[in-house]
Amino acid sequence: MAKTDFPVEIRDLVIPGTSGRYVYHCLGCGRDWSIEDLLYTCPECRSVLLIEDREWDRLKKVPGRAWRQLFDYRKMVDHPSLNGIFLYYELIAPVIPLEDVICLGEGHTPVVEANEILQDWVGMQFYVKNDGQNPSASFKDRGMAAAFSYINYAMKRRGLDSVLAICASTGDTSASAALYASYLGKKVKSVVLLPHGKVTPQQLAQPLSNGATVLEIPGVFDDCMKIVEFLADNYPVALLNSKNAWRIKGQESYSYELAQAFNYDLGNHTVVAPIGNAGNITAIISGFLNLYDLGIIDSLPRILGVQSEHANPVYRYYLEPEACNRRFEPVKVRPSVAQAAMIGNPVSMPRVIYLVEKYREIGGYESFLVEEVKEQEIMESMLVANRNGHIVCTQGGEGIAGLRKALKRGIIDRSGVAVVDSTAHVLKFLVFQEKYFTDSFEPEFEIETRESLKNRPRYVCPPDLEKTPADGGVLTEEEFELFVRRTAIEIARILNIDNKG
Ligand SMILES: *Cc1c(COP(=O)(O)O)cnc(C)c1O
Ligand SMILES: [Zn+2]
């Protein structure tokens with residue numbers, strides 16, 4: 001669509017120029033720091049940072065209606081930098097020139113309504129947003145698109161010709177970081193630290209395929225995180241965990257897309273997401289607050305965070321209703337099928353505390369809730385969802401289980417509409433499906449399998465057949481015909497279907 005075809009009011013905004021004044025804002029001491037350097041923690045007090053736009057109010061000069069129209073029309077613009085999460089450029093990172101933006105097709109993931117069977121099983125109308133349909137098959141790509149666009153931009157500005165990008169990961173961060181780093185070719189060398197034996201084979205294959213240096217550490221994610229933090233504090237490396245505030249900016253796009261998908265009317269909606277390191281929930285809260293502040297949405301949706309009983313520090317924190325009595329305590333994690341969220345000491349906890357307070361101030365206490373679920377419930381929710389046409393990962397299953405539980409406990413009501421974040425593609429987490437189907441869960445998972453949810457392949461070979469194609473050699477015409485006929489009859493017998501004639 002040509003620029004001249006856009007409504008006059010938004011014509012000049014369609015292809016945006018740089019604007020805004022971004023700073024790292026410290027949540028500990030409240031100081032602002034220049035974005036000139038890549039900072040992860042406050043140089044003064046070591047607290048985590050959030051990126052804020054000190055010229056944010058300029059965006060309020062554009063009415064909410066015009067923003068909505070702009071974002072809707074921008075979908076029709078053919079500009080490589082605006083095709084992904086940077087469609088919401090002004091809210092993501094307008095300090096980065098469009099030509100420095102890296103877009104690998106992230107974001108704009110489908111929102112699919114659950115079928116009747118699944119809605120009945122859960123107890124209300126709901127949708128799944130398939131963030132597994134991102135380039136590296138998880139929502140992490142949203143954050144990496146922003147973080148690597150910043151790295152690309154900062155390198156050009158400072159004339160750097162190489163950067164060492166490093167992250168700790170429960171699997172998906174490393175897959176995503178390695179993908180975006182490899183796109184930048186020789187400019188960025190990517191190193192990932194994984195907890196040995198605690199990522200799935202598919203997740204391990206991803207950074208290997210993108211040529212990253214893959215280092216496995218004896219420990220869990222929280223241990224890997226401490227090591228990369230030490231490296232980032234003492235060596236010249238770019239940290240790509242969600243401690244990196246650019247990641248949060250990119251992940252806010254999830255909220256922008258949801259608002260757009262529901263025609264900017266979320267007053268009756270519950271947005272459900274699993275919580276691990278709490279970067280995703282931080283971004284979701286922040287994103288909706290931004291939309292509200294600019295008048296793009298008139299009311300905030302309810303946000304429901306979900307954690308497993310085996311990794312539940314955020315749930316425990318919010319059990320205490322009075323803010324002044326809450327005390328954050330890390331937990332020691334136990335094995336969880338929601339392995340990507342198996343984190344006992346979430347790095348973004350201070351961000352969650354800071355943003356939830358703002359969120360509840362506007363939306364009320366009930367606008368942010370956290371639910372806890374059993375491993376059993378996570379597994380069954382994933383399996384049941386996928387039997388009804390979804391591609392939900394274990395963390396998506398965690399979200400569905402949380403929604404179901406919250407309805408049963410009556411902390412949310414059935415009349416609204418929910419959207420569950422399936423944060424990755426089911427194919428990344430096949431090991432857990434396999435453990436379920438073959439009854440091989442280690443006892444620590446505390447999962448009892450049910451026959452009705454299992455599925456196994458069945459080998460079909462009529463016992464009286466002398467030769468099959470698998471035996472090697474060439475079958476004669478008669479042998480082959482016999483093989484086809486006998487096997488087909490055997491299959492018909494298994495399926496219990498009669499001959500047409
Ligand atoms: C990283 C991840 C999570 C947890 O997100 P946080 O931002 O760490 O809370 C959940 N699901 C999947 C698939 C992930 O990769
Ligand atoms: Zn500080």
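For ligands, and for the atoms within them, numbers begin at 1 and follow the listed sequence. Because the structure is predicted, anything quoted here is derived from the model rather than measured.
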Query raised in the report: Are E361 and K358 close enough for a salt bridge, meaning some N to O gap below 4.0 Å?
Result: no

Centroid-to-centroid, F368 to Y359, below 6.0 Å? no

Ranked by distance from atom 12 (C) of ligand 1, the top protein heavy atom is T423 OG1, 3.2 Å

Between the side chain of Y89 and the main-chain N/O of P94, is any donor-acceptor distance below 3.5 Å?
yes

Atoms of ligand 1 under 4.0 Å from any heavy atom of D172, numbered from 1 in the order shown, are 12 (C), 13 (C), 14 (C), 15 (O)

Practice problem: Taking the six-membered ring for Trp and the single ring otherwise, decide whether the centroids of Y183 and F148 are under 6.0 Å apart. | Solution: no

Run the side-chain donor-acceptor check on residues 228-240: report pairs under 3.5 Å with partners two or more places apart or on a different chain.
from : atom 1 : to   : atom 2 : distance (Å)
E229 : OE2    : K243 : NZ     : 2.6
N234 : ND2    : F230 : O      : 2.9

Note: A340, heavy atoms under 4.0 Å from ligand 1, region reported as both

Review point. Taking the inter-plane angle between the rings of F441 and Y436 on a 0 to 90° scale, is it parallel (under 30°), tilted (30 to 60°) or perpendicular (over 60°)?
Key: perpendicular

Checking heavy atoms under 4.0 Å, the part of Q251 that sits near ligand 1 is neither

Using distance alone, decide if ligand 1 has a nitrogen or oxygen within less than 3.5 Å of any nitrogen or oxygen in C393.
no

Looking at E257 and R142, is any side-chain nitrogen of the basic one under 4.0 Å from a carboxylate oxygen of the acidic one?
yes

For the Zn ion (ligand 2) the protein N, O or S atom count under 2.8 Å stands at 4

- Query: Of all the heavy atoms in S242, does at least one lie under 4.0 Å from an atom in ligand 1?
  - Reply: no

Scanning both residues in full, the closest heavy-atom pair of G396 with V420 reads O-CG1, 3.8 Å

Note: ligand 1 atoms sitting under 4.0 Å from heavy atoms of G279 are 6 (P), 7 (O), 9 (O)

Between Y264 and F71 (judged by ring centroids, cut-off 6.0 Å), do the two rings come close enough to count as a pair?
no

Closest to atom 7 (O) of ligand 1 among protein heavy atoms sits N280 N, 2.7 Å

Here the side chain to side chain donor-acceptor pair (under 3.5 Å) pairs for residues 30-41, sequence neighbours left out, are H25-D32, R31-E44, D32-R54, E36-R157, T41-R46

Decide whether an N or O pair under 3.5 Å exists between S138 and ligand 1. no

protein heavy-atom neighbour closest to atom 5 (O) of ligand 1 works out as F139 CZ, 3.4 Å

Atom 9 (O) of ligand 1: of G276, G305, A283, S422, the nearest heavy atom sits on G276

Contacts satisfying side chain to side chain donor-acceptor pair (under 3.5 Å) that involve residues 391-405 (not counting sequence neighbours) are none

For A424, the ligand 1 atoms with a heavy-atom partner under 4.0 Å come out as 13 (C)

- Would you please say whether a donor-acceptor pair under 3.5 Å links the side chains of T109 and N130? no

Before signing off on this row, confirm whether N277 and ligand 1 have an N or O atom pair separated by under 3.5 Å.
-> yes

In terms of its nearest heavy atom to atom 3 (C) of ligand 1, the top option of K140, Q339, M342 is K140

I would like to know whether Q307 and Y318 meet side-chain hydrogen bond (donor to acceptor under 3.5 Å, both in side chains); could you show each step before the answer? CA-CA 12 Å; Q307 294 208 295; Y318 282 104; over 6 Å; no

Q.
Would T170 count as being in polar contact with ligand 1, using the rule that some N or O on each side must be under 3.5 angstrom apart?
A. no

query: Please walk me through it: do E320 and R326 pass salt bridge (charged side-chain N to carboxylate O under 4.0 Å, His left out)?
result: CA-CA 6 Å; E320 167 56 54; R326 286 184 203 128; over 6 Å; no

inquiry  = I want to know if ligand 1 touches A341 in the polar sense, i.e. an N/O pair below 3.5 angstrom.
reply    = no

